[in-house]
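Order of the sequence lines fixes the chain letters, A, B, ..., with proteins taken first and strands second; residue numbering starts at 1 for each chain.
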There are 2 protein chains.
Amino acid sequence: MKKIDILKKLRSSRLRPTKQRVEIAKFLFERDKTFHFTVESLNKLLIKKSTSRIALATVYNTVHAFKAAGHLSEVEVRGNKTYFDTNVSNHHHFYDSETAELIDIDANDIIIQKIPKAPNGKKIKNVEVFINLKN
Amino acid sequence: MKKIDILKKLRSSRLRPTKQRVEIAKFLFERDKTFHFTVESLNKLLIKKSTSRIALATVYNTVHAFKAAGHLSEVEVRGNKTYFDTNVSNHHHFYDSETAELIDIDANDIIIQKIPKAPNGKKIKNVEVFINLKN
DNA sequence: TTTCACTTTAGAATTATTATAAACTAGATT
DNA sequence: AATCTAGTTTATAATAATTCTAAAGTGAAA
Ligand SMILES: [Mn+2]
Ligand SMILES: [Mn+2]
Ligand SMILES: [Zn+2]
Ligand SMILES: [Zn+2]
């Protein structure tokens, strides 16, 4: 991914490509593999990586803006912190509680044979499978 | 369920049956259906139900003690609060985000046909399926 | 009964997140 | 290019959930 794509991505979401957003977007999206993170962990990595300091509030703002624009998804993980995911497609996760690490599972790698029907007038929006690992 | 069962349950878990624990245990476990709750929601219900006031810290302490003893499980739900569950068997959930309500799905009502193998030297501890509902 | 480890409690502390409001800036308008 | 302004960043305060602290209370063993 190149800078022009980042700018397109921001502009197409009606997000002004500010210095901070471009830096965070490059950090998040210019990579090949899925990246799972909390705002805290992202903030630490940004401090290490970059010279200019981005306010923590800006990291929160930006991550939420990217999520609202559909560039990030949220993953439920045990614990008090909110996890985000650069993989916004429908997929599942392994979770290694030893390392607190999430690992993607492609949607096609899990096939559910039997599933109960949704209750009274409700429909199924999506199905998330979360596989806890042990040693 | 009767009071004697509650006392047994507490004693067998090496938890002294204090007034507060017995009251909370009766409230949680003397019911037919699964009960899903947060500490905040439980606390509110306890205040309504009972005359004696139990300190919020005690509700936290007690819920954690019950969880450690295996009498409660924790459920991951989107949001910042921790959800607990009186159903400690292996099972799954529907989640209705409109009402913020969890609905149990029996483990036998979901059959997974294909599942990826666990990564490098890890094993699968358990599989949680979370089905989000919409209208 | 006496004793004491366990428990409860009010309040302080901590952690994650959101709100506030003043200073700044991308990009449109002149 | 200079001006303008809505959107953005930032430091800081506020809020919300949870945990910690340490003093007072209590179940139950002896
Ligand atoms: Mn969580
Ligand atoms: Mn949660
Ligand atoms: Zn993922
Ligand atoms: Zn349940």
Under 4.0 angstrom between [X] side-chain N/O and [N] OP1 or OP2:
X	N	value
A:Thr18	D:dT9	yes
A:Arg11	C:dG27	yes
B:Tyr60	D:dT18	yes
B:His64	D:dT18	no
A:Thr38	C:dA16	no
B:Gln20	D:dG25	no
A:Arg14	D:dG7	no
B:Thr82	D:dA17	no
A:Thr58	D:dT10	yes
A:Arg16	C:dG27	no

ask   = For DNA chain C, whose closest nucleotide is more 5', that of B:Ile54 or that of A:Glu40?
value = B:Ile54
inquiry  = Do B:His91 and B:Asp85 pair up side chain to side chain, a donor and an acceptor below 3.5 Å, judged on atom types alone?
reply    = yes
Does [Y] have [X] sitting over its ring (NZ/CZ under 6.0 Å from centre, angle to axis within 45°)?
X	Y	value
B:Lys122	A:Phe94	no
B:Lys49	B:Phe27	no
B:Arg31	B:Phe35	yes

Return the value, rounded to whole Å, for the distance between atom [atom1] of [X] and atom [atom2] of [N].
X	N	atom1	atom2	result
B:Arg53	C:dA10	CZ	P	10 Å
B:Phe66	C:dT7	CZ	P	11 Å
A:Asn61	D:dA6	CG	P	19 Å

ask   = Considering only D:dA6, D:dT9, D:dA17, which nucleotide approaches the side chain of A:Thr62 most closely?
value = D:dT9
